[in-house]
Amino acid sequence: LRPLLEEIEVLKAERNAVVLAHNYMTPDIFHGVSDLKGDSLALAHMANETEADVIVMAGVHFMAETAKIANPDKTVLIPDLEAGCSLADAVTAADVRELRRLHPGVPVVTYVNTSAEVKAETDICCTSANAIEVVESLGVDRVIFLPDEYLGKWVAANTEVEIIPWRGHCEVHEQFNAEVVREYRSQFPGVRVLAHPECDLDVLRASDMVGSTSGMISYLAEERPRKAVLITECSMSDNVSADYPEIDFVRSCTLCPHMKKITLERILDSLKYRRFEVEIDPEIARRASRAVERMLEVGRGPRG
Ligand code: 13P
Ligand code: SF4
């Protein structure tokens with residue numbers, strides 16, 4: 001492992017590159033080669049602020065596109081083009097135009113887990129860390145919220161704003177149900193249950209805390225429960241347990257097949273061969289950047 005890590009460090013220095021890693025990366029990437037790490041919102045802010053010439057996104061494609069939208073002049077690399085997302089695949093730009101036709105004048109709030117083309121049709125983006133704040137920032141009674149039906153339900157349960165939903169789901173988080181939470185509680189008495197808002201409302205209502213991946217880490221840092229289960233992608237617990245060895249993590253092994261496409265070897269090749277470069281049509285990027293920038297102005301979320 002060490003020669004691989006060293007080779008990556010040398011190439012990063014040569015190319016003035018940074019590796020941005022999502023919280024779902026495996027620990028060798030997360031603790032071994034990442035320069036900056038976080039949830040989707042933090043990664044978007046970091047991509048906006050970095051002085052590096054090259055950004056390697058150790059995450060999925062929509063995260064790399066978001067980084068490119070914020071930094072049209074930088075080289076943004078995604079180590080595997082197949083690292084997609086079931087939510088991003090659930091809605092197209094034509095779907096958004098049709099929704100606008102059906103609901104004239106109603107603003108469109110789009111989760112960042114979408115393509116640049118969808119973002120270009122959007123009024124403002126959001127992430128799981130700031131969705132409620134973003135929806136409320138518009139000062140309207142109704143919004144079109146897409147593509148995540150479950151995140152939309154969570155927002156609707158926590159604001160007065162009416163949500164016009166879409167039918168996208170995360171293929172990882174939709175696997176959980178409230179029964180799973182009850183089983184954790186009966187098998188591991190006293191366990192603190194933290195859930196990602198891409199889960200169905202029943203799961204969220206049965207949990208002790210709901211938040212983005214970084215929101216979960218901040219909660220654990222503050223509360224230091226003895227036992228915890230993270231209702232989200234499996235690598236999260238591996239990464240956080242290295243920083244908080246005193247917390248006993250009950251593992252919920254659901255892996256995101258897209259995130260797991262990113263490996264140390266592919267990061268090395270990405271730096272070596274400058275691949276795969278994210279390119280966005282300049283007009284799409286210009287329109288999408290309004291929605292992303294508008295979101296970044298709302299802030300870093302309550303636990304960002
Ligand atoms: P976060 O923004 O909470 O890290 O979530 C991103 C994601 O893809 C969760 O499945
Ligand atoms: Fe997409 Fe779900 Fe994977 Fe996150 S965990 S990248 S939402 S498929």
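Positions are given from 1, in the same order as the sequence printed here. Excluded from the calculations below are hydrogen atoms, water molecules and symmetry mates; all remaining heavy atoms, backbone and side chain alike, are included.
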- Query: Ser212 pairs by side chain to side chain donor-acceptor pair (under 3.5 Å) with which of Thr127, Asn130, Asp39?
  - Reply: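 Going through Thr127, Asn130, Asp39 one by one, the side chain to side chain donor-acceptor pair (under 3.5 Å) with Ser212 is satisfied by Asp39 alone.
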- Message: Let's go through His169 and Ser86 carefully: what are the C-alpha distance in whole Å and the side-chain angles of both, what is the deciding distance for side-chain hydrogen bond (donor to acceptor under 3.5 Å, both in side chains) to 0.1 Å, and is it a yes or a no?
- Response: CA-CA 7 Å; His169 295 148; Ser86 67; over 6 Å; no
- Query: Does Lys227 make a cation-pi contact with Phe249 (under 6.0 Å, within 45 degrees of the axis)?
  - Reply: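 The answer is no; the distance or angle limit is not met.
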- Given Glu171 and His258, is the side-chain hydrogen bond (donor to acceptor under 3.5 Å, both in side chains) satisfied, shown in steps? CA-CA 10 Å; Glu171 67 188 85; His258 310 288; 2.9 Å; yes
Check whether [X] reaches the backbone of [Y] with its side chain - one donor and one acceptor, N or O, closer than 3.5 Å.
X: Asn71; Y: Ala67; result: yes
X: Arg15; Y: Lys272; result: yes
X: Lys68; Y: Lys74; result: yes
X: Arg185; Y: Ala206; result: yes
X: Lys119; Y: Val112; result: yes

- Task: Kindly work out whether a path of hydrophobic side-chain contacts (I/L/V/M/F/W/Y, heavy atoms less than 4.5 Å apart) joins Val203 to Val180.
- Result: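 Same cluster: Val203 reaches Val180 through Ile, Leu, Val, Met, Phe, Trp or Tyr contacts under 4.5 Å.
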- In the single-linkage hydrophobic clustering (I, L, V, M, F, W, Y; side-chain heavy atoms under 4.5 Å), do Val292 and Met63 co-cluster?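 Val292 clusters together with Met63.
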- Checking side-chain hydrogen bond (donor to acceptor under 3.5 Å, both in side chains) for the pair Thr75/Asp53: CA distance, chi angles, key distance, verdict? CA-CA 6 Å; Thr75 301; Asp53 297 319; over 6 Å; no
- Quick one: which of Val181, Asp200, Thr254, Asp202 gives a side-chain contact (heavy atoms from CB on, under 4.5 Å) with Phe176?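 For Phe176, the side-chain contact (heavy atoms from CB on, under 4.5 Å) test succeeds with only one of Val181, Asp200, Thr254, Asp202, which is Thr254.
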- Message: Once rounded to the nearest 0.5 Å, what's the spacing between atom CD1 of Ile267 and atom CD1 of Ile262?
- Response: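 So the gap between those two atoms works out to 7.0 Å.
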- Message: Determine whether Tyr24 and Thr232 satisfy the following criterion, side-chain hydrogen bond (donor to acceptor under 3.5 Å, both in side chains), listing intermediate values before the conclusion.
- Response: CA-CA 9 Å; Tyr24 293 164; Thr232 189; 2.6 Å; yes
- Answer with yes or no whether the side chains of Asp238 and Ser235 bring together a donor and an acceptor at under 3.5 Å.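 There is no such pair between these side chains.
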